[in-house]
There are 2 protein chains.
Amino acid sequence: MVGSGAQLFEISATAEEEAYRHLHSALRLGRYRAGDRLIPEDIAAEIGMSRMPVREAFRRLAADGLVVIRPNRGCIVAGLTLDEIYETFEIRSVLEGLAVRLAMPHIDAEVIAELERLLDRMERAGISGSSDWVARHHEFHATIYGLSGRPKLMKQIAALHVTIEPYLRIWFDYVEKPLSAREEHSSLIEALRTGDAAFAETAMQKHILGTAPMLAEFASPDRR
Amino acid sequence: MVGSGAQLFEISATAEEEAYRHLHSALRLGRYRAGDRLIPEDIAAEIGMSRMPVREAFRRLAADGLVVIRPNRGCIVAGLTLDEIYETFEIRSVLEGLAVRLAMPHIDAEVIAELERLLDRMERAGISGSSDWVARHHEFHATIYGLSGRPKLMKQIAALHVTIEPYLRIWFDYVEKPLSAREEHSSLIEALRTGDAAFAETAMQKHILGTAPMLAEFASPDRR
DNA sequence: GATTGTATCAGTGGATACAATCATACAGCC
DNA sequence: GGCTGTATGATTGTATCCACTGATACAATC
């Protein structure tokens with residue numbers, strides 16, 4: 001008995017990569033709270049390695065903006081201030097607007113049908129109560145952006161999504177079954193159906209900027 | 001005698017930070033070429049430390065997209081393909097367009113005057129032949145974006161500038177004294193003078209997308 | 001009693017040593 | 001003759017160890 005289930009087929013990555021993924025996912029899921037100190041030795045023990053690869057993972061997480069490293073004073077979980085949340089959504093609006101604009105030439109009836117299926121799955125995931133609605137939501141957006149054929153752009157967008165994901169979860173868990181989401185994304189599909197790239201870009205910008213205020217409201221008290 | 005000149009006032013940062021800055025600047029200045037292998041021991045010896053902090057600096061540089069780390073196969077200098085250069089300029093166009101739009105409310109006659117001074121300095125730096133024209137050019141743009149009061153946005157833009165800086169240098173060194181730059185940036189100032197945020201945003205987008213092709217032309221042969 | 005100085009302890013950063021991995025070259029086999 | 005397998009060397013990745021920084025608590029002095 002070496003491992004169980006999927007781990008048997010897991011290609012053994014480097015310890016650093018493992019530590020990075022572990023922390024990245026934990027941070028995304030909101031397992032730690034902003035301001036928490038991440039003690040290298042504890043995390044190393046948790047996943048069975050020494051402090052060193054964990055430290056290296058910290059550097060990458062810091063570059064992602066997920067943690068802050070202060071020399072000689074350890075690694076703390078980064079939180080977003082209210083201003084930073086708004087700023088993130090402003091950046092998202094132009095980046096994701098661009099992605100949609102560039103994706104437009106590749107959007108046809110088949111893609112629209114696929115998006116509608118994803119929208120249904122997203123809604124079901126939301127009803128089941130579990131917060132993997134967030135994952136489905138990201139999938140919906142990423143499917144559109146993927147059609148732009150711009151890998152760097154997609155990476156940047158994904159990184160921003162990770163940053164705000166904990167807040168998105170809090171918001172979703174607080175407001176049970178946000179029905180507005182269905183309407184919002186349906187009208188987004190409508191915008192895509194027009195075939196007008198500039199219109200779709202603007203629609204996406206508005207969609208994103210419209211989400212910011214309600215999210216910020218819930219992020220404010222707890223996190224700085 | 002501990003050190004010489006400015007180093008006396010240099011607050012001794014961590015070794016990792018020192019290594020990061022050293023490599024960051026070397027990469028920006030195009031001291032290494034795309035595909036070159038960075039040997040941790042050589043660099044460590046160069047700045048008087050062990051391999052360890054250098055390795056940690058590599059992680060951050062990889063996150064910045066300046067190098068690529070392949071497990072067990074070392075760290076190589078990242079180069080941009082033609083497609084990636086264009087993509088970077090597309091991203092820059094919307095990001096820097098946003099920055100200008102948000103900066104507009106804070107742009108007055110005094111700022112315009114300052115920008116004209118910077119434009120003069122930029123031109124002089126260009127004539128003197130030295131490629132610190134690039135630094136002045138960045139300063140000009142950064143001055144505008146700084147007025148937006150969006151730190152995260154500025155960081156992202158700065159990171160993209162670093163990525164393309166080696167190509168910008170090649171371009172500048174090849175085309176002696178690009179006179180078009182003066183005209184280009186003057187008309188950018190004109191756009192700011194109108195006070196129309198949407199117009200200024202579009203002007204910046206066009207300015208950036210207009211630069212891409214001539215840069216890409218020179219980047220193509222050498223770097224992948 | 002409050003504030004400042006000092007000592008101790010916890011925790012981080014860096015160096016060295018060791019283990020594991022990959023590339024290259026050579027030999028054997030098809 | 002070309003290909004595959006293996007062995008060796010170079011290089012990366014990980015762990016342990018040591019030094020130093022920063023925090024906290026206690027004591028001494030004002």
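Just so it is clear: chains get the letters A, B, ... in the order the sequence lines come, proteins before strands, and each one is counted from 1.
Rounded to whole Å, atom P of C/dT12 lies 18 Å from atom CD of B/Glu17. Rounded to an integer number of Å, the gap from A/Phe58 CZ to C/dG11 P is 13 Å. Between A/Arg59 atom CZ and C/dG14 atom P there is a gap of 7 Å when expressed in whole angstrom units. Regarding A/Arg70, its CZ atom lies at a distance of 13 Å from the C1' atom of C/dT12, rounded to whole Å. Regarding A/Ile69, its CD1 atom lies at a distance of 17 Å from the P atom of C/dG11, rounded to whole Å. For the pair A/Arg55 CZ and C/dG11 P, the interatomic distance rounds to 15 Å; values are reported in whole Å. In this entry the distance linking CG of B/Asn72 with C1' of C/dT21 reads 4 Å, nearest Å.
Between the side chain of B/Thr163 and the main chain of B/Ala159, a donor-acceptor pair closer than 3.5 Å is present. Side chain of A/Glu87 to main chain of B/Leu153: a donor-acceptor pair is present (N/O by atom type, distance under 3.5 Å, no hydrogens or angles). Here the side chain of A/Tyr167 pairs a donor or acceptor atom with the backbone of A/Leu80 at under 3.5 angstrom. For B/Thr211 (side chain) and B/His207 (main-chain N/O), a donor-acceptor pair under 3.5 Å exists by modelled atom type.
Note that CE of A/Met204 is 3.5 Å distant from OH of A/Tyr145, once rounded to the nearest 0.5 Å. To the nearest 0.5 angstrom, B/Met122 atom CE is 11.0 Å from B/Leu115 atom CG. Taking CD1 of A/Ile85 as the start and NZ of B/Lys152 as the end, the distance is 10.0 Å to the nearest 0.5 Å. With rounding to the nearest 0.5 Å, the separation of CD in A/Glu114 from CZ in A/Phe140 is 10.5 Å.
Residues satisfying the side-chain contact (heavy atoms from CB on, under 4.5 Å) test with A/Glu56, not counting sequence neighbours, are A/Glu16, B/Arg55, B/Glu56, B/Arg59. For A/His137, the side-chain hydrogen bond (donor to acceptor under 3.5 Å, both in side chains) criterion is met by A/His141, A/His185, not counting sequence neighbours.
Nearest-nucleotide mapping onto DNA chain D: of B/Cys75 and A/Arg73, the residue sitting toward the 5' end is B/Cys75. Of the two residues contacting DNA chain D, namely A/Ala15 and A/Pro71, the nearest-nucleotide position lying further toward the 5' end is that of A/Ala15.
Taking every heavy atom of residues 44-52 of chain A and every atom of DNA chain D, pairs under 4.0 Å involve A/Met49, A/Ser50, A/Met52, by number.
With a cut-off of 3.5 Å on both pairing distances, the Watson-Crick and G-U wobble pairs of DNA chain D assemble into stems of 3 or more at C:1-30 with D:1-30.
Legend: side chain to side chain donor-acceptor pair (under 3.5 Å) pairs involving residues 38-49 of chain A, not counting sequence neighbours, sorted by first then second residue: A/His22-A/Glu46, A/Arg31-A/Glu46.
Boundaries of the chain B contact region on DNA chain D are D/dT11 to D/dA15, first to last in 5' to 3' order (nucleotide atom under 4.0 Å from a heavy atom).
Across all strands, A/Glu41 comes closer than 4.0 Å to no nucleic acid atom at all (heavy-atom distances).
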